[in-house]
Amino acid sequence: MKSSGGLKGLAKAIGIKLIPGLFFVSALVTLIISEAVNFHMNNYETTVIETTQNYLKAAVQALAELISAEELDRFHTAGDTQSLEYEEIRSRLIKFAGDYNVLYAYYWRDYGDGTHQYIVDNDLDPENQEGPWSFYQNEDVDLDALAGNTGVTDLGSYTPPWKGLLSAYTPVYDREGAVSCIAGVDISDEFIIKQQQDSQNMTILQLIALPIAVIFGILNMLLYRSKARQIEEAHTKLQYFNNNLRRAFSTYLSEDVVEEIVSDPTHLQLGGEKRYMTAIFTDIQNFTTIAEKLSPEHLVELLNYYLSTLSDIILEQSGTIDKYEGDAIVSFFGAPLKLADHALRACITAIMMKRVEPAINDYVAENKLSPSPLYTRIGINSGDMVVGNMGTQKKMNYTIVSNAVNLASRFEGVNKQYGTWILASEDTIKETQGRLLTRRLDRIRVLGINEPVQIYEILETKENATSALQNKISLFDKALEPFEARSWQNALTSFNKVLELYPDDSPSLLYRDRCKQYLNCPPADDWDGVFNYDEK
């Protein structure tokens, strides 16, 4: 009996000693878990803040490119806001805010007396709209932006008017490189502030973890579950930000460039490289006349539909959109992705644009978007170009420059002289592997470029060209031979044969009239056969 009682006493003594040990182990494990959770949340909070700030930097830098300093300089008084141009700019800001998922997008300028004056914003509420009638005292962040810096307001450092908003400012430069005004965007920061509060609450709970280890362990488990749900919600919101950024930039750039901006917009650096590429310029015939007959709202609606339709074709062919200039699109093929068939892709893009033109005009007519149909002229050229991020560290574009680019722009305008829709250089046609139905026209010299170039009209891919279209081009080519040999009468007879079958063929009409002119007044014997065009 004594032996049995001794064993029970020993077990009881051991149990009493184990209780504090188990308590300590429980507290230690709980503390380690809570510390790990807190570290994870603090690290995630930092990631959310940094990613959000990078998003805002990318958004405000895009806003600085949206409207030029010269356009904004037109508006200094409340009376200036009554113009159609002002409403058109507001419409562009409203669309920008929707595309980039920001609450407010706006511009203001330094008024010179310690205050700044708003120019225009995207607020739809007339009572809250800011404009040239609005003046506010400059603060430190305003002065920093006016000094040429891009910045994002820091959490916890707001003055009362900014409570609840996270803002980014960046300068808008004029043509001389001076700061003309400031672009700004705002988003609600409620989510990030909630992250800070949760992190602070976790720290307080840590301080009482040891004395109430078991209870803390239970609470920690519950909090961890709650925190896991918040992390999932945070990831969803962060993914939403990134998806909006991808969607906004994918309208202009290939996926490679978009991913670079999403990962960290601060990685974008100035610099370019020389590549052999193809540039393409588009423009709507007589668009100025069309625009004069439309209200700003209807004009924006028309342009959004038209530019979206043509832009989709460019991106489907792996092209990169450089910029929009009113109704015009500037794009290029061969960067950032190197494309061996960049010239062919550019030409097929142009052909596909003309193919969808009837459908565009059916939609425009059905929805009464334009007083007249839309017809697109296109210029294409291949050559050595410099491509990359160009400008300044505070304001840059991913773009192309060179004489080869300028030549593509000139070809778009030269279409007017020949009554054609797509013109390309001989350098481009040589790169297309004989897959296109083309018509050789003149050797021309355009404004600003002294070297003459051979131009071609692009009509269709050979596999899709009708027999009638092929026959017209064959007859035209035969008529061109005596013209280039200066046999004006034979050429006139041949072009008349083309026009008997195809009376609306504009190039044949042009060459027929030339033949008649040269029969009466031949060109000089030393004429090199080059036609000069001095208009853009």
Side-chain angles (χ1 to χ4, degrees), residues 274-283 328 330 332-334 342-344 346-347 350 377-386 400-434 436-459 473 476-488 490-492 494-495 505-519 521-536:
K274 183 178 179 181
R275 285 193 191 179
Y276 190 84
M277 300 164 48
T278 300
I280 177 171
F281 283 69
T282 75
D283 195 48
V330 182
F332 52 88
F333 292 76
H342 53 83
L344 181 61
C347 294
R377 290 190 293 254
I378 305 169
I380 307 173
N381 186 44
S382 303
D384 289 329
M385 306 174 189
V386 176
I400 50 174
V401 292
S402 76
N403 274 339
V405 177
N406 297 336
L407 198 55
S409 173
R410 297 292 186 267
F411 287 165
E412 179 276 316
V414 172
N415 276 294
K416 291 182 284 187
Q417 306 296 330
Y418 293 88
T420 54
W421 299 113
I422 309 174
L423 286 181
S425 67
E426 186 173 31
D427 288 338
T428 297
I429 300 303
K430 287 179 179 177
E431 297 283 329
T432 59
Q433 306 157 20
L436 306 178
L437 179 64
T438 63
R439 169 169 22 197
R440 183 170 60 87
L441 297 172
D442 292 322
R443 291 174 64 237
I444 66 172
R445 186 179 290 111
V446 297
L447 179 66
I449 300 176
N450 292 325
E451 186 69 24
V453 291
Q454 177 69 58
I455 59 172
Y456 287 77
E457 179 189 12
I458 298 175
L459 299 108
I473 301 308
F476 181 90
D477 290 343
K478 291 178 181 177
L480 193 62
E481 293 178 6
F483 180 87
E484 292 180 337
R486 301 194 178 200
S487 180
W488 312 122
N490 290 335
L492 177 60
S494 297
F495 283 118
D505 185 49
S506 295
S508 295
L509 290 169
L510 173 67
Y511 278 89
R512 182 196 64 182
D513 292 342
R514 285 180 179 174
C515 290
K516 291 178 179 179
Q517 175 187 349
Y518 293 158
L519 281 171
C521 184
D525 292 338
D526 60 351
W527 178 51
D528 58 3
V530 175
F531 290 87
N532 297 312
Y533 294 109
D534 297 329
E535 297 181 1
K536 290 186 178 181

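Because the structure is predicted, anything quoted here is derived from the model rather than measured.
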Student check: side-chain heavy atoms of [X] and [Y] closer than 4.5 Å:
X    : Y    : result
I444 : V414 : yes
C347 : I380 : yes
F495 : K516 : no
R512 : L509 : yes

* Heavy-atom pair of closest approach, residues R486 and W527 ->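 Between these two residues, the closest heavy atoms are NH2-O, 2.9 Å.
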* **Heavy-atom closest contact (M385 atom, V405 atom, distance)** =>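 Shortest heavy-atom separation between M385 and V405 comes out as SD-CG2, 3.7 Å.
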* Asked: Any Lys/Arg nitrogen of E426 or R443 sitting under 4.0 Å from an Asp/Glu carboxylate oxygen of the other?
  ->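 Salt bridge: no.
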When rounded to the nearest 0.5 angstrom, what distance separates [atom1] in [X] from [atom2] in [Y]?
X    : Y    : atom1 : atom2 : answer
F476 : Y511 : CZ    : OH    : 5.0 Å
L423 : Q417 : CG    : CD    : 10.5 Å
S409 : D283 : OG    : CG    : 9.0 Å
R377 : T282 : CZ    : OG1   : 11.0 Å
S508 : L480 : OG    : CG    : 9.5 Å
F483 : L492 : CZ    : CG    : 11.0 Å

* List the steps and the verdict of side-chain contact (heavy atoms from CB on, under 4.5 Å) for L436 and L344. => CA-CA 9 Å; L436 306 178; L344 181 61; 4.2 Å; yes
* To do: Could you check I429, T420, I378 and say which one makes a side-chain contact (heavy atoms from CB on, under 4.5 Å) with I458?
  =>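 Exactly one candidate clears the test, I429.
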* Carefully, step by step, assess I400 and M277 under the rule side-chain contact (heavy atoms from CB on, under 4.5 Å). => CA-CA 10 Å; I400 50 174; M277 300 164 48; 3.9 Å; yes
* Ring-ring centroid check H342 F332, cutoff 6.0 Å ->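 No: the rings miss the under 6.0 Å criterion.
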* Are F281 and F411 near enough that their ring centres are under 6.0 Å apart? ->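 Ring centres of F411 and F281 not closer than 6.0 Å.
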N/O donor to acceptor pairs below 3.5 angstrom from side-chain atoms of residues 445-456, sequence neighbours left out:
residue	atom	partner	partner atom	Å
R445	NE	N450	O	2.7
R445	NH1	N532	OD1	2.7
Q454	NE2	L441	O	3.0
Q454	NE2	D442	O	3.1

Can any side-chain N or O of [X] pair as donor or acceptor with the backbone N or O of [Y] at less than 3.5 Å?
X    : Y    : answer
S494 : N490 : yes
R275 : G334 : yes
S402 : A404 : yes

* To do: Please check if any side-chain donor atom of D427 sits under 3.5 Å from a side-chain acceptor atom of S382, or the reverse.
  =>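 Note: D427 and S382 side chains miss the donor-acceptor criterion.
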* To do: Take K416 and Y533 through the side-chain contact (heavy atoms from CB on, under 4.5 Å) test and state the conclusion after the steps.
  => CA-CA 11 Å; K416 291 182 284 187; Y533 294 109; over 6 Å; no
* Pairing residues for R439 by the salt bridge (Lys or Arg N to Asp or Glu O under 4.0 Å) criterion, not counting sequence neighbours ->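 Testing R439 for salt bridge (Lys or Arg N to Asp or Glu O under 4.0 Å), a comparison that skips the adjacent residues, returns E457, D505.
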* Give the C-alpha distance, both sets of side-chain angles, the deciding distance and a yes or no for side-chain contact (heavy atoms from CB on, under 4.5 Å) between I473 and L459. => CA-CA 9 Å; I473 301 308; L459 299 108; 3.8 Å; yes
